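The structure appears right after this line, and notes come after that.
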Amino acid sequence: MKENSIVILDFGSQYNQLIARRVREMGVYAEVVPYFEPLDKILERKPKGIILSGGPASVYLEGAPTISKELYHQGIPVLGICYGMQLTTHLMGGEVARADKQEFGKAELIIDDVDSPLFQGIPNNSKVWMSHNDHVTKMAPGFVQIGHTDSCVAATYNKELNTYCIQFHAEVTHSEHGTQMLKNFVFNVAGCEQNWSMGNYIEETIKNIRETVGDKKVLLGLSGGVDSSVAATLIHRAIGDQLTCIFVDTGLLRKDEAKKVMEVYGENFHMNIKCVDAEERFLSKLARVSDPEAKRKIIGKEFIEVFDEEAAKLTDVEFLAQGTIYPDVIESMSVKGPSMTIKSHHNVGGLPEDMKFKLLEPLRELFKDEVRKVGRELGIPDHMVDRHPFPGPGLGIRILGEVDKQKADILREADDIFIEELRKADLYNKVSQAFVVLLPVKSVGVMGDERTYEYTAVLRSANTIDFMTATWSHLPFDFLERVSNRILNEVKGINRLTYDISSKPPATIEWE
Ligand code: GLN
């Protein structure tokens, strides 16, 4: 399967995910790797074609991401998209400069070489999507123009290197025939075969896990979130009881979380799960602490301690499994200027030096929606697979200020009602992340003719694609009214409810 793949070198474009998805949807395995992946590592994968993605940098500036020129001389066809085109031009001796004005949006592509394999089945004039500040001012030697718009060289080709470049983003749907162009590259130029599906990805991964692990034991921190749950289920499918999961109930989880996790993964899937009730430990460490960063640190540190203590009780564990997914891989690399530091990403919050586990990360190549697909194929129920993200410190950062059990109980009830109503109204999957926040603010209310003096809570619901920017969800008023009635009537301790209408930036999705 992997010997019939496309490798996408990631230069940081917001559309990379789409390139990989388009190719995988064609039935061909596509893997996204950071642009600085060493050439020999890329070649080890034996790709049939390489796509260079777009990216925010400018090739002519110092420290701009670059690659070895050797890449073009491996007999593997290359397709450079946007930054990928500019980089290819720059490396091969052409010129790229800042354009007079930025071009963003639809443009008309006019094909100059109608016989080009890249443009088979595509009309001579079509709409393509542009997003760039720079453009090619002089093509590199050996390259010919195969397409243009009224403002730029839109496509080039080098026969000897079998390299194509396009200035526009073929991967977005606004490029009318973009998918066809990518198909042309994948099948006509790179000669891939259709042999990839989620089903055989799962099979292959299971086989790999078995080979890697052998008869050794694997430990995994199960949080109940999508990534760790899918990783656990996949590994369990591969090696059964050689996997032990540790689930830490911090006392800062959603309502009935431990029970749900044990039901789904313990009882239904028969996984070996050690559920540790650490509520008191966490809450006593958090007592009287109100600074958000201090709370996060305490929770993180305590989590690692509990996890380590449990791990130490097990013998012969050789692997630590994590639900790291591709966006985590990227996030944990800080790429700044000419130098870059690569930190490894730890879902469990950091490994102690002396544990010497080997890492097992079966979801490293997948995007979130693909992880969900794998989860569904493995039979994980929808309500677990489609869950919104939940922060590591949990309710500890949704209870503003000091945290205690009473507040956590109040918040759990309110949050549960909000989520239940979202699901009932078929809105849960239409928003990206929804939850309730409890403020350290009391106000006066009246109930049954009696004065009350209780907490204020906030409903937060955000819509986002990448969690970098977000808007508040435009939930219907009658829905908000229903939630408000229920929370104010059913949850003792809250007598005032507000709706957060802040976007990110300048606010964040979580409050602390
Ligand atoms: N940063 C480059 C430019 O502005 C490439 C942009 C891109 O790849 N989308 O032209």
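Here the structure is a predicted model, which is why all the values come from computation and not from measurement. What's counted below: heavy atoms across the whole structure, side chains too, no hydrogens, waters or symmetry copies. Indexing begins at 1, ligand by ligand and atom by atom, following the structure's order. We number each residue from 1, following the sequence as shown.
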Among Arg24, Arg21, Arg364, salt bridge (Lys or Arg N to Asp or Glu O under 4.0 Å) partner for Glu370: Arg24
Which of the ligand 1 atoms, numbered from 1, are nearer than 4.0 Å to a heavy atom of His169: 9 (N)
Quiz item: cation-pi between Arg423 and Tyr428, 6.0 Å / 45°: yes
Atom pair CD1/CG of Ile67 and Leu91 - distance to nearest 0.5 Å: 6.0 Å
From Asp134, Val59, Val153, residue fulfilling side-chain contact (heavy atoms from CB on, under 4.5 Å) relative to Met85: Val153
For atom 4 (O) of ligand 1, closest protein heavy-atom neighbour: Asn133 N, 2.8 Å
Atoms of ligand 1 close to Gln86 [distance to a heavy atom under 4.0 angstrom, numbered from 1]: 2 (C), 3 (C), 5 (C), 10 (O)
Numbered atoms of ligand 1 (with element) below 4.0 Å of Ala57, judged on heavy atoms: 1 (N), 2 (C)
Ile110 atom CD1: more than 12 heavy-atom contacts under 6.0 Å: yes
Any Glu211 side-chain heavy atom under 4.5 Å of Asn208 side chain: yes
Sub-4.0 Å atoms of ligand 1 with respect to non-hydrogen atoms of Ser131: 6 (C), 7 (C), 9 (N)
Atom indices of ligand 1 within 4.0 angstrom of Pro56 heavy atoms, with elements: 1 (N)
side-chain hydrogen bond (donor to acceptor under 3.5 Å, both in side chains): pairs with one or both residues in residues 64-84, sequence neighbours excluded: Tyr72-Thr88
Nitrogen or oxygen atoms of Ser58 and ligand 1 under 3.5 Å apart: no
Atoms in ligand 1 flagged as close to Gly54, the criterion being non-hydrogen separation under 4.0 Å: 8 (O)
Protein contact to atom 7 (C) of ligand 1 [nearest heavy atom, distance to 0.1 Å]: Cys82 SG, 2.8 Å
Protein contact of atom 5 (C) of ligand 1 - nearest heavy atom, named by residue and atom, plus distance: Gly55 O, 3.1 Å
Under 4.0 Å to a heavy atom of His132 - the qualifying atoms of ligand 1, by number: 3 (C), 4 (O), 10 (O)
Heavy-atom check, side chain of Tyr60 versus side chain of Arg98, under 4.5 Å: yes
